[in-house]
Amino acid sequence: MEMFKHPIYVTQPLTPNISEVTKEIEKVIESKWLTNFGNKHELLAEELKNYLEVDHLSLFNNGTMALTLGLKALELTGEVITTPFTFPATVQALDWNNLTPVFCDIEEHSLNIDPDKIEEKITDKTTAILAVHVFGNPCNVQKIQQIADKYDLKVIYDGAHAFGAQYKGEPIGNFGDMTMFSFHATKLFNTIEGGALVYSDELYSEKLGMLVNFGLSSPEKVEVSGFNGKMNEIQAVIGLGNLRVLEEERTNRERIRQSYVDEISKIPGIRIITNRKNRESSYQYFVIEINEDEFGISRDELYYGLKSYNIFARRYFYPLCSEFPWYRNLDSAKRGNLPIAWEKVNQVLTLPFYGDLENEKIKIICDAIKEIQFKNVL
Ligand code: T4K
């Protein structure tokens with residue numbers, strides 16, 4: 001089998017219609033209003049509220065900033081229960097708020113935080129649960145909320161991957177106190193860099209409005225210690241343009257997902273990570289799990305093997321966040337406390353997945369997987 005001539009990456013950004021967006025960028029430049037809550041910023045916020053079916057939304061220059069300032073707005077202290085199986089930004093947002101992560105193991109099936117293990121982690125210092133809808137598959141938001149209500153904890157979701165996901169028909173942004181969405185170039189919907197917070201209470205809107213803009217409540221009044229986290233007008237134009245092509249992208253991703261499933265579900269030892277009943281995922285990633293005993297080779301052998309075909313799958317989210325040097329000594333970070341996360345982090349592989357990925361390429365990727373398995377097992 002031939003390798004690909006050009007590298008196939010794990011993703012490729014969604015891009016808007018170039019001529020439409022160019023005209024809009026020209027208008028922005030001519031208007032001389034380039035950032036600081038301009039018209040495009042306000043328009044995008046409105047359109048996203050409609051798309052995500054939420055009442056309250058604030059925009060930011062990236063998802064990490066959104067999460068960091070969201071945690072700040074919630075005025076949390078002490079310990080926050082979270083997952084080790086996530087991108088570094090999740091826990092780094094805690095760091096920037098002087099909050100201590102308490103790592104909780106994940107569910108085998110969804111790879112999200114396991115609600116049945118949260119309660120045992122709660123101490124008198126716990127103020128919140130920071131859960132992640134990993135790979136865009138919704139968490140068990142009902143169970144998480146029950147625990148939060150019982151112990152009077154805040155719930156904040158890192159929904160970086162979960163744009164457009166639903167839980168029992170309800171848009172995912174309507175759960176918990178806050179949800180962050182990332183609009184990075186690699187996300188289903190992007191503003192190149194960007195992010196948003198959606199939240200349950202309009203009261204947060206004023207506070208976030210200050211935090212995102214140096215703590216200013218008016219031109220000469222600084223009320224809180226803030227940051228510069230504003231989304232600019234060009235980012236907003238890209239977002240508006242991408243909203244126009246999003247449905248087509250989702251349809252394409254549905255097709256691609258099905259093509260992968262048709263090819264891969266026949267291979268013993270590969271499990272496809274899917275959303276559970278009543279939980280609609282976001283079509284952000286296509287993720288598989290390798291059972292070495294059944295598949296014959298390890299996830300890492302497959303990962304490196306694919307590279308030799310010019311296919312760049314990713315080992316998201318390896319290593320676990322609990323392995324970062326500054327967390328490693330925490331009790332909750334001990335390997336024995338996180339058995340499922342340790343197992344999964346060595347089994348999970350994210351395959352190339354984006355709307356422009358042609359069926360022939362998917363076939364070649366799947367054939368490469370079979371060939372790597374065959375060559376190594378013999
Ligand atoms: N929470 C979670 C759970 C997250 O996953 C993330 C971000 C965040 C919070 C923070 O949100 P942001 O502050 O980023 O809004 C990428 C993204 O940079 C990152 O946003 C994302 N998660 C993470 C899962 O993936 P890398 O280090 O994998 O990016 P990189 O540069 O290797 O890109 C992946 C592939 O995409 C490349 O191999 C090629 C392709 N690519 C990438 C870019 C940037 C393109 O084709 N074009 C491009 O412009 O982190």
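We count ligands from 1, going down the list as the structure has it; atoms in each ligand are counted the same way.
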N-O pairing of Lys361 and Glu358 below 4.0 Å: yes
Does the pair Lys40/Glu24 count as a salt bridge with the N-to-O cut at 4.0 Å? yes
Has ligand 1 got any nitrogen or oxygen that is less than 3.5 angstrom from a nitrogen or oxygen of Tyr9? no
Heavy atom under 4.0 Å from ligand 1: found in Val134's side chain, backbone, both, or neither? neither
Specify the protein heavy atom at minimum distance from atom 36 (O) of ligand 1: its residue, its atom name, and the distance to 0.1 Å. Thr11 CG2, 3.4 Å
Going by the order shown, which atoms of ligand 1 are within less than 4.0 Å of some heavy atom of Ala89? 8 (C), 9 (C), 10 (C)
Taking the ring of Tyr167 and the ring of Phe175, is the distance between their centroids below 6.0 Å? yes
Taking both backbone and side-chain atoms of Glu193, is any N or O found less than 3.5 Å from an N or O belonging to ligand 1? no
Does atom 18 (O) of ligand 1 have a protein heavy-atom neighbour under 4.0 Å away? yes
Just by modelled atom types, is the Asn359 backbone N or O under 3.5 Å from a matching donor or acceptor in the Ser259 side chain? no
Consider only side-chain heavy atoms of I, L, V, M, F, W and Y, link residues closer than 4.5 Å, and tell whether Tyr327 and Ile106 are in one cluster. yes
Parallel, tilted or perpendicular for Trp326 and Phe324, by the 30°/60° rule? tilted
The closest protein heavy-atom partner of atom 5 (O) of ligand 1 is His161 NE2, 2.7 Å
Here the atoms of ligand 1 under 4.0 Å from any heavy atom belonging to Thr86 are 3 (C)
A student comparing Thr68, Thr350, Asp158 should find that the heavy atom closest to atom 9 (C) of ligand 1 comes from Asp158
Residues Glu263 and Lys370 bridged, charged N to O under 4.0 Å: yes
Side chains of Glu248 and Thr251: any donor to acceptor distance under 3.5 Å? no
So is Gly194 touching ligand 1 or not, going by heavy atoms under 4.0 Å? yes
Output yes when Glu249 and Arg253 qualify as a salt bridge under the 4.0 Å nitrogen-oxygen rule, no when they do not. yes
The closest protein heavy-atom partner of atom 6 (C) of ligand 1 is Phe87 CD2, 3.4 Å
For residues Thr274 and His109, report the shortest heavy-atom separation together with the two atoms involved. O-CE1, 3.5 Å
Look at atom 22 (N) of ligand 1 and find which of Met180, His133, Lys187 reaches it with the closest heavy atom. Lys187
Can you pull out the closest protein heavy atom to atom 25 (O) of ligand 1? Residue, atom name and distance to 0.1 Å, please. Tyr316 OH, 3.4 Å
For Thr90, the ligand 1 atoms whose distance to one of its heavy atoms is below 4.0 Å: 1 (N), 3 (C)
Of the protein's non-hydrogen atoms, which lies at the shortest distance from atom 27 (O) of ligand 1, and what is that distance? Arg314 NH2, 3.7 Å
For atom 48 (C) of ligand 1, what is the closest protein heavy atom, and at what distance to 0.1 Å? Pro13 CG, 3.9 Å
Between Glu47 and Arg244, does at least one N-O distance fall below 4.0 Å, as a salt bridge requires? yes
Atom indices of ligand 1, in the order listed, that fall short of 4.0 Å to a heavy atom of Ser182: 11 (O), 12 (P), 15 (O)
Of all the non-hydrogen atoms in the protein, which one sits nearest to atom 10 (C) of ligand 1, and at what distance? Thr64 OG1, 3.4 Å
Which residue and atom name correspond to the protein heavy atom nearest atom 33 (O) of ligand 1, and how close is it? Thr186 CG2, 3.9 Å
Is any side-chain N of the basic residue among Lys221 and Glu223 closer than 4.0 Å to the acidic one's carboxylate O? yes
Check whether any N or O atom of Tyr285, backbone or side chain, sits under 3.5 Å from an N or O atom of ligand 1, and answer yes or no. no
Thinking salt bridges, do Lys23 and Glu26 make one under a 4.0 Å N-O criterion? no
Below 4.0 angstrom from a heavy atom of His184, which ligand 1 atoms are there? Numbered from 1 as shown, please. 14 (O), 15 (O), 17 (C), 18 (O), 20 (O), 44 (C)
Counting only nitrogen or oxygen atoms and a 3.5 angstrom limit, does Gln12 reach ligand 1? no
